[in-house]
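First the structure, in the form of structure tokens, and then the observations on it.
The basis for the numbers below is simple: all heavy atoms, side chains too, and nothing from hydrogens, waters or symmetry mates.
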Amino acid sequence: MEVIFLGTGTSQGVPMIACGCGVCRSPDRRNHRTRASVHVIMDGLHIQVDAAPEFRLQCLREGIDKMDFFILTHGHADHIAGMDDLRRYCDLIGGNALTVFSTPEGIGRVQSMYPYAVGERPAARGYAAFRLQEMPARMDLPQGTIESTLLPHGNMQTLGLVFTERSSGRKFAYYTDCKQVPLAGIELARGAHGVVLDGLRPLPHPSHMSIDEALLVAQNIGAPATWLTHLTHLNDHAELEAALPPGVAPAHDGLRLRF
């Protein structure tokens with residue numbers, strides 16, 4: 001299994017507009033964060049999770065040349081605004097609709113933002129088309145399984161995702177944009193070889209986990225390796241990396257994990 005971090009930043013990104021702080025001016029490329037998303041390759045199956053406003057640039061940077069289906073964790077702009085660029089992947093599957101899985105809230109947001117793209121085929125070659133389906137609790141595929149759990153995120157719920165590759169048995173959990181991870185989500189992620197958690201900033205936030213909150217969840221899950229994502233400009237990569245306990249690290253754009 002391979003996981004490619006296309007982006008690891010917040011809705012404002014880093015560097016942030018009109019900010020001259022040390023992190024926003026940092027020459028360390030790990031502090032340059034586009035909005036959060038990942039691309040998961042599981043026994044040759046390519047799954048894209050979320051499409052940030054920078055999605056096109058992220059795909060060009062990381063060479064994402066294939067996509068079998070798409071999962072939208074929730075309908076906030078920093079996760080959905082790049083979906084029009086999925087049109088190229090519709091071309092690559094023969095001009096057919098790309099299957100998009102999400103929550104009912106996420107599906108409603110896609111319908112309102114991209115009404116021209118909802119259907120079985122693109123209106124013309126080069127256009128996007130989305131076949132919308134509600135994400136099941138468990139998806140059994142020839143390449144493995146994808147399980148989902150709902151995580152609280154402000155006044156909505158976001159999808160937490162757990163991937164298990166059939167050939168290797170490797171397990172990976174991706175829990176972005178959440179204020180907490182309920183017991184069901186902790187149990188689902190137990191036994192994972194790697195976990196990604198929302199770890200917004202050192203300060204508390206009403207709809208995201210702080211660094212300390214994320215560390216407590218990481219301890220409860222007990223994975224050998226945990227990465228923090230959705231990081232603000234209050235986190236300098238090198239300083240945060242040095243302060244975190246063994247087995248926990250900040251993710252960065254372009255990070256590739258192989259399990």
Side-chain angles (χ1 to χ4, degrees), residues 3-17 19 21 23-24 26 28-40 48-55 58 62 71-82 102-103 106 148-162 172-182 185 189 194-218 221 223 225-237 239-241 243-244 248-255 257:
V3 178
I4 305 168
F5 287 80
L6 300 189
T8 55
T10 67
S11 56
Q12 294 178 313
V14 182
M16 195 168 69
I17 293 171
C19 182
C21 77
V23 173
C24 288
S26 171
D28 187 342
R29 296 298 303 176
R30 297 173 301 177
N31 282 326
H32 294 195
R33 304 177 183 119
T34 55
R35 271 63 76 93
S37 68
V38 293
H39 189 84
V40 180
Q48 177 61 37
V49 181
D50 294 336
E54 302 91 350
F55 179 64
Q58 293 170 338
E62 299 302 327
I71 302 175
L72 176 67
T73 60
H74 63 296
H76 280 167
D78 51 331
H79 297 260
I80 196 174
S102 192
T103 62
S148 68
T149 187
L150 293 174
L151 308 173
H153 180 42
N155 62 358
M156 66 169 61
Q157 292 180 309
T158 187
L159 284 172
L161 302 167
V162 176
F172 167 72
Y174 185 70
Y175 290 173
T176 188
D177 286 58
C178 58
K179 178 57 183 172
Q180 59 178 303
V181 177
V195 174
V196 177
L197 297 174
D198 180 358
L200 188 75
R201 62 189 192 186
L203 304 173
H205 188 276
S207 60
H208 291 269
M209 290 194 291
S210 67
I211 301 294
D212 285 345
E213 289 169 334
L215 290 177
L216 181 59
V217 172
I221 293 173
T226 298
W227 290 266
L228 304 181
T229 194
H230 214 278
L231 302 164
T232 74
H233 71 151
L234 297 179
N235 301 296
D236 176 82
H237 186 97
E239 292 178 2
L240 178 58
E241 186 175 46
L244 291 172
V248 183
H252 60 83
D253 289 25
L255 174 65
L257 307 176

Problem - Partner set under side-chain hydrogen bond (donor to acceptor under 3.5 Å, both in side chains) for Asp28, not counting sequence neighbours - result: Arg30
Practice task
Could you verify whether a donor N or O on one side chain and an acceptor N or O on the other, from His76 and Asp177, lie under 3.5 Å apart?
Solution key: no
Handout entry: Full working for side-chain contact (heavy atoms from CB on, under 4.5 Å) between Trp227 and Leu257
Key = CA-CA 10 Å; Trp227 290 266; Leu257 307 176; 3.5 Å; yes
Completion exercise
By side-chain hydrogen bond (donor to acceptor under 3.5 Å, both in side chains), Ser26 pairs with (sequence neighbours left out) Asn31
Exercise for the section: Report yes if the side chains of Leu150 and Leu159 come closer than 4.5 Å at any heavy-atom pair, otherwise no. Expected result: yes
Practice task
With the side chain counted from C-beta on, respond yes when His237 and Arg33 share a heavy-atom pair under 4.5 Å apart, and no when they do not.
Solution key: yes
Exercise for the section: Working to the nearest 0.5 Å, report the span between CG of Asp236 and CD of Glu241. Expected result: 10.0 Å
Practice task
Drop me the distance from Glu62's CD to His39's NE2, to the nearest 0.5 angstrom.
Solution key: 10.5 Å
Exercise for the section: Taking the side chain as every heavy atom from C-beta outward, state whether Thr226 and Ile221 have any atom pair closer than 4.5 Å. Expected result: no
Problem - With Glu239 via side-chain hydrogen bond (donor to acceptor under 3.5 Å, both in side chains) - residues at least two apart - result: none
Practice task
Taking atom CG of Leu203 as the centre, report whether more than 12 heavy atoms of other residues, nucleotides or ligands fall under 6.0 Å from it.
Solution key: yes
Completion exercise
All heavy atoms of Leu231 vs all of Pro250, minimum pair found to be CD1-CB, 4.0 Å
Fill in the blank from the handout: For Ser207 and Gly154 the tightest heavy-atom approach is CB-N, 3.4 Å
Exercise for the section: Report the residues that fulfil side-chain hydrogen bond (donor to acceptor under 3.5 Å, both in side chains) with Asp198, sequence neighbours left out, ordered by chain and then residue number. Expected result: His208
Completion exercise
Cys24 and Val14 have their tightest heavy-atom pair at SG-CG1, 4.3 Å
Completion exercise
The single option from Val217, Thr158, Val162 that satisfies side chain to side chain contact (heavy atoms under 4.5 Å, CB included) with Tyr175 is Val162
Exercise for the section: Taking the side chain as every heavy atom from C-beta outward, state whether Gln157 and Thr103 have any atom pair closer than 4.5 Å. Expected result: no
Problem - Leu6 side chain reached by Asp253 side chain, heavy atoms, under 4.5 Å - result: no
Handout entry: Taking every non-hydrogen atom, the tightest pair across Ala251 and Phe5
Key = CB-CE2, 3.7 Å
Practice task
Would you check if the side chain of Lys179 reaches a backbone N or O of Leu151 as a donor-acceptor pair within less than 3.5 Å?
Solution key: no
Completion exercise
To the nearest 0.5 Å, atom OG of Ser11 lies from atom NE2 of His230 at 6.0 Å
Handout entry: Side-chain donor/acceptor of Gln48 to backbone N/O of Ile71, under 3.5 Å
Key = no
Handout entry: Side-chain touch Phe172/Val196, heavy atoms, less than 4.5 angstrom
Key = yes
Practice task
Could you pull out the closest heavy-atom pair between Asp50 and His74, with the gap in Å?
Solution key: OD1-N, 4.4 Å
Practice task
Taking all heavy atoms of Pro202 and all of Ser210, pick out the closest pair and write down the distance.
Solution key: O-CB, 4.0 Å
Exercise for the section: Give a yes or no on whether the backbone of Arg35 and the side-chain of Glu54 come within a donor-acceptor separation of less than 3.5 Å. Expected result: yes
Problem - Rounded distance [0.5 Å steps], CG in Leu244 versus CG in Leu215 - result: 6.0 Å
Handout entry: OG1-CG distance between Thr8 and Leu255, expressed to the nearest 0.5 angstrom
Key = 8.5 Å
Exercise for the section: Sorted by first residue and then second, give each salt bridge (Lys or Arg N to Asp or Glu O under 4.0 Å) pair with at least one member in residues 153-162; sequence neighbours left out. Expected result: none
Exercise for the section: Please identify each residue that fulfils side-chain contact (heavy atoms from CB on, under 4.5 Å) with Thr232, with sequence neighbours left out. Expected result: Thr10, Leu200, Arg201, Leu234, Asn235
Exercise for the section: Kindly say whether Leu72 contributes a backbone atom to a donor-acceptor pair with the side chain of Ser102 at under 3.5 angstrom? Expected result: yes
